[in-house]
Amino acid sequence: MVALVGFVLILVACLMAPLYAQWAGVDPFKSTLDAVIQLNGQDQPVMEQSTEGLGLGYNPIGPTWQLGNYFLGADNQGRDVMARLLYGGLNSFLIAGSATAMTLVLATLLGLVSGFFGGIIDTVISRVLDIMWAFPIYLLAISLSIVLIAHGLEIGPFTIESGSLWLPIFIIGLVYVPYVARPIRGQVLSLRKSDFVMSAIGLGASSGRILWRDILPNISTTLIVFTPLMLAINILTESALSYLSIGVQPPDASWGTIIEDGQGLLYSRPWVSLAPGFAIVLTVLVLNVFGDGLRDALDPRSKIKLGGS
Amino acid sequence: MIWAILRRLGQMLFVLVGISVMVFAIFFATPGSDPAARIAGRNASPEVLEAVRKSFGFDQPFYMQYLLMMKRIFVTGDLTSFVNRGWKVVPAVIDTIPVTLSLVIGAAILWVVFAVIIGVVAAATRGRWPDKLLMVLGLIGISMPVFWLGSVANLLTQSRLKDTWMFSWVPPLGYVNFTDDPKGWFLALVIPWITLSILYIGLYGRVLRASLIEAMQEDYVRTARAKGLSETRILLKHALRTSLINFVTLFGLDFGALVGGSALLTEVVFNLHGVGKLTYDALLSLDLPIIMTTVLYASFFVVIANALVDVAYIFLDPRVRES
Amino acid sequence: MLQVRDLCVSFRTEQGEALAIDHVSFDVEEGEILGVVGESGSGKTVSLLAVMGLINDPNATITGSIRLRGKELVDMNPAQLRKLRGREMAMIFQDPMTALTPVYSIGEQIAEQITTHNKISKRAALDRAVQLLAEVNFPNPEDAIHRFPHQLSGGMRQRAVIAMALSNNPSLLIADEPTTALDCTVQMQILDLVRRLQRDHKAAVVFITHDMGVISELSDRVMVMYAGRIVERATKTEIFKHPQHPYTQALLETIPPLTGEKPDRLKVIPGSPPSLFKRGTGCAFAPRCKYRFEPCSKIPPLAGAVHKAACFKVHPHG
């Protein structure tokens with residue numbers, strides 16, 4: 001329960017991103033190399049002359065630990081890291097959430113159809129899912145990403161632009177479908193053999209009716225338990241993809257991209273990379289704890305595996 | 001018995017072919033662009049584009065293209081990168097395998113040992129503070145993005161705490177060949193090993209603990225107690241042995257995936273030129289031939305690992321041996 | 001040989017304190033077969049688990065005295081208790097299908113019990129296992145020790161469990177409904193087996209069941225339990241011919257008769273056993289008893305010379 005509160009807090013903090021940016025008077029997306037802030041009563045340029053090496057080049061300032069005043073310092077484009085962190089969180093949540101929704105919907109559909117109707121439909125769907133799942137997740141996501149990010153996606157009437165956020169959502173959502181579809185299919189299979197479903201079939205109920213009224217409510221517990229887990233996994237996956245520059249594309253930001261931004265500054269201004277990492281750890285931790293608690297409360301015998309690789 | 005093996009092999013083959021088709025489809029048939037441009041990489045001149053088109057036969061039907069590609073990878077082995085001209089792809093991939101293996105095997109030993117210790121201790125002290133502490137640590141372990149953890153490790157060992165006695169032995173990032181300098185090889189891999197294994201220790205520790213606790217509720221444990229066996233012996237000889245079945249199954253799958261290149265994030269962060277890093281570099285330069293080959297290799301490995309796990313299952317669980 | 005005095009077992013739960021065993025006292029003589037009868041929840045299993053020291057629940061409180069050949073078992077050091085368990089006293093349980101560890105052969109598991117309590121080599125222990133399996137009528141014992149539990153039928157597994165329990169020649173064997181999960185032909189085989197082994201090993205057997213038919217087949221003496229208390233105790237013949245406690249009588253009446261008129265409905269005992277949380281004062285069976293009268297508001301003690309019953313109707317002065 002504490003975990004749920006924690007999660008909500010983090011979410012709300014990120015939702016307030018635009019407000020924070022306004023209050024701090026910064027634009028987290030514009031390169032502001034010339035910005036000057038007030039620090040301890042003095043003017044302080046955000047990018048200061050580097051004292052290392054030959055004294056050439058500029059270093060962004062480190063954390064000021066003053067809320068609203070470049071709290072975590074600046075990144076290499078003079079932008080306020082704290083503001084970017086909050087915006088990035090928004091994107092990370094958006095992507096993870098939508099991808100989770102997509103995965104759950106697709107996996108449920110496939111699991112239901114495959115488990116209930118059996119036969120050749122089941123074989124085909126299962127084989128396709130097996131093949132998809134045989135790819136290590138990250139490699140599949142990476143493959144899809146490079147192809148789609150470079151050129152966008154056109155399926156029939158749908159077009160997704162190359163830089164759109166929908167691409168990572170689509171990819172992450174797609175890639176985890178086998179992971180969820182398999183247990184759902186298993187559950188549907190055993191439900192189908194259960195007495196009450198058999199009797200419904202015997203009474204002549206239509207398939208649609210059975211699926212909707214008998215089977216779906218019974219797998220809803222599994223779906224509910226999967227939700228926080230998938231959210232956690234998706235946040236991790238999205239950050240990995242963004243870190244590799246094939247997830248969220250600039251000028252959008254997410255926690256993964258900010259970590260990547262901070263790689264070059266790692267030894268001099270570590271907070272640029274550290275902060276989003278901590279944010280991810282905290283969020284995922286909180287989601288995992290919540291997911292654990294949810295599972296214990298609803299379905300203590302389930303064997304859903306936690307985490308991803 | 002023979003039939004079962006043959007059938008299994010057939011399934012494997014089917015999945016492998018399916019994967020190769022899928023990989024091919026992703027790279028060549030995704031709607032939206034010119035496959036030749038993809039192969040040649042960015043900024044290719046028109047002559048190069050033409051050459052690519054010819055050699056891959058893009059004027060030919062889809063299945064011909066697929067067969068040609070497969071031939072170049074497997075039969076003639078002369079698929080070359082078009083970005084680093086003339087660099088043969090297949091040998092390049094093979095060169096990187098020992099690096100990945102060094103990383104993954106070392107991490108695997110670490111994670112199995114610690115996961116078992118943690119799982120057993122947590123199950124034995126269930127509900128008391130060692131259990132709670134270990135589980136919290138495990139949770140934190142699985143909540144950290146591995147690449148970020150690597151960055152933090154680097155920050156500490158290469159920069160902030162470099163000169164302290166604790167980390168002064170850490171060499172600069174990169175891989176050292178075992179045959180050149182065994183000690184260097186080892187030192188360079190210690191931090192990567194620890195980083196990679198933390199996630200898995202957390203995961204497997206939790207899984208094992210849950211399995212053990214479940215096993216301890218079983219009837220056969222009650223029988224064992226009635227026999228007068230000590231709790232320790234019951235936990236280690238009866239519960240653990242039964243829980244290992246599940247543990248090894250999961251391990252086989254994850255290990256297979258890692259060798260296939262899932263360790264790419266770790267390799268990138270620590271600058272180890274393994275299969276994963278190769279894939280990543282190819283990503284940045286959009287070097288499709290390499291990407292395709294590494295992805296194929298990775299998937300093949302996973303499928304083989306799957307099959308090996310099934311075999312291991314037969315050894316571990318007597319109940320499966322009959323069929 | 002086994003003396004239980006004033007044994008009380010209670011469990012702390014979320015709903016309060018549950019008193020599962022309420023001042024139970026009984027003896028088991030050398031070499032006798034004591035049948036323990038009662039419905040689910042009567043405490044028959046829990047009391048014998050307490051004797052074996054197998055109640056692992058940290059929320060359990062056990063008071064009273066249990067003496068095995070003079071040694072006090074309650075509050076005994078767990079390591080010492082473990083030395084007795086599986087050697088002096090052994091217990092077998094209801095479901096043979098899950099009673100054995102699936103990943104070890106039955107030979108290994110029997111040998112494990114032997115080597116835990118005796119300093120002999122594994123080889124020697126396995127030989128002994130072969131002998132034991134032969135005793136319980138395994139057709140091919142040298143082969144059988146290499147078999148895994150899943151390769152055996154329920155009846156065979158139960159035999160293996162019995163062989164294992166007897167491997168160290170215990171003076172006391174407790175059998176908790178060992179035949180309930182088996183079908184009746186196998187049931188008879190197992191009962192015959194137990195009877196024969198008991199004679200050969202000269203062990204005392206406590207046989208827990210809810211089936212009066214099994215009791216009549218096997219026991220020397222019978223103890224009837226209800227709601228955690230003993231309500232009647234007598235020799236088998238006495239219990240069946242002259243049941244004194246109303247509960248025992250009602251139990252016997254529920255057995256469908258093989259001869260005589262066919263009843264319209266099967267007889268049941270109306271009502272249900274009391275909750276272990278809210279024990280009223282007085283006789284636990286009173287709410288369901290057709291002979292209930294004023295004195296029943298106090299707990300009737302177990303009274304009588306050889307044939308004991310806890311009932312004010314039978315023993316008005318307690």
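Labels below follow one simple rule: chain letters A, B, ... track the order of the sequence lines, proteins then strands, and each chain is numbered from 1.
Of the two parts of B:Arg222, the backbone and the side chain both hold a non-hydrogen atom closer than 4.5 Å to a non-hydrogen atom of chain C. Within the 4.5 angstrom heavy-atom criterion, no atom of C:Met97 approaches chain B. Proximity to chain B (any heavy atom under 4.5 Å) is shown, for C:Thr98, by both the backbone and the side chain. With a 4.5 Å cut-off on non-hydrogen atoms, C:Asn56 touches chain B through its side chain but not through its backbone. Interface remark: C:Leu100 contributes backbone atoms only to the contact with chain B (heavy atom separation under 4.5 Å).
Ion pair B:Arg233/C:Glu112 flagged as a salt bridge, since at least one NZ, NE, NH1 or NH2 atom sits closer than 4.0 Å to an Asp/Glu carboxylate oxygen. For the pair B:Asp131 and B:Arg128, the salt-bridge criterion is not met [side-chain N within less than 4.0 Å of a carboxylate O].
The greatest number of non-hydrogen atom pairs below 4.5 Å with chain B, out of C:Gly86, C:Ser167, C:Ala79, is found for C:Gly86.
Side-chain contact between B:Phe114 and B:Ser197: absent, with no pair of heavy atoms (C-beta onward) separated by less than 4.5 Å. Looking at heavy atoms from C-beta onward, C:Glu135 lies in side-chain contact with C:His201 at the 4.5 angstrom threshold.
For B:Trp193 and B:Phe186, the ring centers are positioned less than 6.0 Å apart.
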